[in-house]
Peer 1: 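This structure is in structure tokens; I'll ask about it shortly.
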2 protein chains.
Amino acid sequence: MANAKLNDAELADKAIETFRAYGYEGTSLNRLAEATGLEKASLYYRYPGGKDEIVLAAVKRVGQWFGENVLQPLAVTGSPEQRVRIVAKRLREFYGDGSKPCVLDTLSLRGGAPELQAALRVALKDWLSAFAAIAEKSGFAHDQAALRAEKAVIDIEGALVLSRVLEDNKVFLRALARLRKLLTEA
Amino acid sequence: MANAKLNDAELADKAIETFRAYGYEGTSLNRLAEATGLEKASLYYRYPGGKDEIVLAAVKRVGQWFGENVLQPLAVTGSPEQRVRIVAKRLREFYGDGSKPCVLDTLSLRGGAPELQAALRVALKDWLSAFAAIAEKSGFAHDQAALRAEKAVIDIEGALVLSRVLEDNKVFLRALARLRKLLTEA
DNA sequence: GTCTATATTAAGATAGAC
DNA sequence: GTCTATCTTAATATAGAC
């Protein structure tokens, strides 16, 4: 790690950008080498398990980042409305105004290792839990809060798909504009 | 075509099942050969352009099928409510109760040819137009009808992503249960 | 029209120099 | 820790028999 060109976090960040755009099968080690600026052999030195190990590290890292920067603001001070507004802003950045796919979507196609699918499932459940918590704090009953959270994540994921296919970010931005109402208003 | 094991429609149907599950990059000719029961060389004989030509043919075919079997019922006799109920049923079949991904999602990752992306965009626009038309017939103003259609397709696409990641079809079935209200009720 | 066999290119993966 | 070089396997693609 002394002569490292990139630290692990930087490497994971570069890698995840490739994975979220091309998916697991579409991300070759050549593409990863190009994206990170490291040669394939260097990637194998740091991740002997190859692509499987890299994608797991990248997903773990992005999950952590998402938790700290997007979901954590839901648990701090401020009204539920204010918190959701901040989260919507973070989501807009995270998804590049709707131009960057969600890893939960593009990495969940068939072909990925079971450990990858398990990691994605955990990340999604964390997301749903955080949204359900803020909905419950806004006054929804437990079950209704869970349903609102589900609808909110569906709205974001679906809008990302439509924005990608239509090449029109406005679809995603409209979905983000619905988020506060969906999670905090009856 | 005389000694063909499969006709073009059958071949496209087998191929699309592989493409929707694995995506474009994840679908190798070996997988297509296995799925169709034909050898790779036979696939090249019928589609000299290889995978690019096969995926376009498959998308064209599924788009046609979707139009005739899912969207066309929206334009026949019956109340808007009845028509949407039928469409929800067809969608449930088309997506295998939520277990089969949408080609618009899994084939729109980076890596596919521009012609493929264009074909997906046309298919999605057709879908949105058909949903918007039934919403307008239900009494929504033109713009509101278009928004309802967008929300409805987002709901379906997003729910498919969540169902896939969570391995829980109930998420998708809940979305389908919302469809009639979304397209026909104020 | 489909097959077996083969050629060619790219992907995954390792060895050894610096 | 990263590199160049190389190996191995799988992918795309074609040739020619039936």
Side-chain angles (χ1 to χ4, degrees), chain A residues 1-59 61 106-107 109-116, chain B residues 1-59 61 106-107 109-116:
Chain A
M1 186 71 177
N3 299 348
K5 283 184 164 186
L6 277 65
N7 64 33
D8 289 346
E10 291 167 334
L11 201 158
D13 287 342
K14 303 267 191 185
I16 205 69
E17 290 304 310
T18 307
F19 278 118
R20 75 194 298 190
Y22 291 92
Y24 178 77
E25 299 256 20
T27 299
S28 66
L29 283 162
N30 282 321
R31 274 184 177 145
L32 284 174
E34 194 180 7
T36 59
L38 290 177
E39 291 299 324
K40 282 186 284 182
S42 303
L43 293 173
Y44 274 105
Y45 173 80
R46 295 175 63 163
Y47 300 94
K51 204 165 76 163
D52 281 328
E53 193 177 345
I54 296 173
V55 74
L56 279 176
V59 165
R61 157 99 181 137
T106 61
L107 284 180
L109 306 206
R110 271 184 75 170
E115 292 88 351
L116 172 59
Chain B
M1 186 72 177
N3 298 348
K5 282 185 164 185
L6 277 65
N7 63 33
D8 289 345
E10 291 167 335
L11 200 159
D13 288 342
K14 304 268 191 183
I16 204 69
E17 290 304 309
T18 306
F19 278 116
R20 75 195 298 189
Y22 290 93
Y24 177 77
E25 299 257 20
T27 300
S28 65
L29 284 163
N30 281 322
R31 273 182 178 148
L32 284 173
E34 195 181 8
T36 58
L38 289 177
E39 290 300 323
K40 283 184 283 183
S42 302
L43 293 173
Y44 274 104
Y45 173 80
R46 295 175 63 163
Y47 300 94
K51 203 166 78 165
D52 281 328
E53 193 177 343
I54 297 174
V55 74
L56 279 176
V59 165
R61 158 94 182 140
T106 61
L107 285 181
L109 306 206
R110 271 183 76 170
E115 293 87 350
L116 172 58

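So that the names make sense, note that chain A is the first sequence line, chain B the second, and so on, each numbered from 1.
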Peer 1: Rounded to whole angstroms, how far apart are CG on A:L32 and P on C:dA13?
Peer 2: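 It is 12 Å, rounded to the nearest whole Å.
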Peer 1: Step by step, work out the side chain to side chain contact (heavy atoms under 4.5 Å, CB included) result for B:R20 and B:L107.
Peer 2: CA-CA 7 Å; B:R20 75 195 298 189; B:L107 285 181; over 6 Å; no
Peer 1: For the CZ atom on B:R110, are there more than 12 heavy atoms of other groups (residues, nucleotides or ligands in this structure) within a distance under 6.0 Å?
Peer 2: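 12 or below, so no.
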Peer 1: Would A:Y47 and A:D52 count as a side chain to side chain contact (heavy atoms under 4.5 Å, CB included) here? Give the steps.
Peer 2: CA-CA 9 Å; A:Y47 300 94; A:D52 281 328; over 6 Å; no
Peer 1: Whole angstrom is fine here: how far is it from CZ in A:R31 over to P in C:dG12?
Peer 2: 10 Å
Peer 1: Strictly under 3.5 Å: I want the nitrogen or oxygen pairs between protein and nucleotides 2-6 of chain C, one per line.
Peer 2:
from	atom 1	to	atom 2	distance (Å)
C:dT2	OP1	B:K5	N	2.8
C:dT2	OP1	B:R46	NH1	3.2
C:dT2	OP2	B:R46	NH1	3.4
C:dC3	OP1	B:K5	NZ	2.7
C:dC3	OP2	B:E39	N	2.8
C:dC3	OP2	B:S42	OG	2.9

Peer 1: Quickly work out the A:Y47 OH to C:dA13 P distance and round it to whole Å.
Peer 2: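 After rounding, the reported distance stands at 16 Å.
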Peer 1: Salt bridge check: are B:D8 and B:R46 linked by an N-O gap of less than 4.0 Å?
Peer 2: yes
Peer 1: What is the distance from atom CD of A:E39 to atom CD of A:E34, rounded to the nearest 0.5 Å?
Peer 2: 10.5 Å
Peer 1: For B:T27, is there any backbone N or O sitting under 3.5 Å from a side-chain donor or acceptor partner on B:K51?
Peer 2: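 Yes.
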Peer 1: For residues A:L43 and A:L11, determine if any side-chain heavy atom of one lies less than 4.5 Å from a side-chain heavy atom of the other.
Peer 2: yes
Peer 1: Roughly, in whole Å, what's the span from OH in B:Y44 to P in D:dA11?
Peer 2: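 Roughly 11 Å, once rounded to whole Å.
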Peer 1: Considering residues at least two apart in sequence or located in another chain, which fulfil the side chain to side chain contact (heavy atoms under 4.5 Å, CB included) criterion with A:A41?
Peer 2: none
Peer 1: Under 4.0 Å, heavy atom to any atom of DNA chain D: which of residues 14-30 of chain A qualify?
Peer 2: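 Of all residues in residues 14-30 of chain A, none places a heavy atom under 4.0 Å from DNA chain D.
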Peer 1: Using atom CG of B:L43 as one end and atom C1' of D:dT14 as the other, report the distance to the nearest whole Å.
Peer 2: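 Those two atoms, CG and C1', are 14 Å apart.
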Peer 1: Nearest whole Å is fine: how far is C:dA10 P from A:K51 NZ?
Peer 2: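 Checked: the NZ to P distance equals 16 Å.
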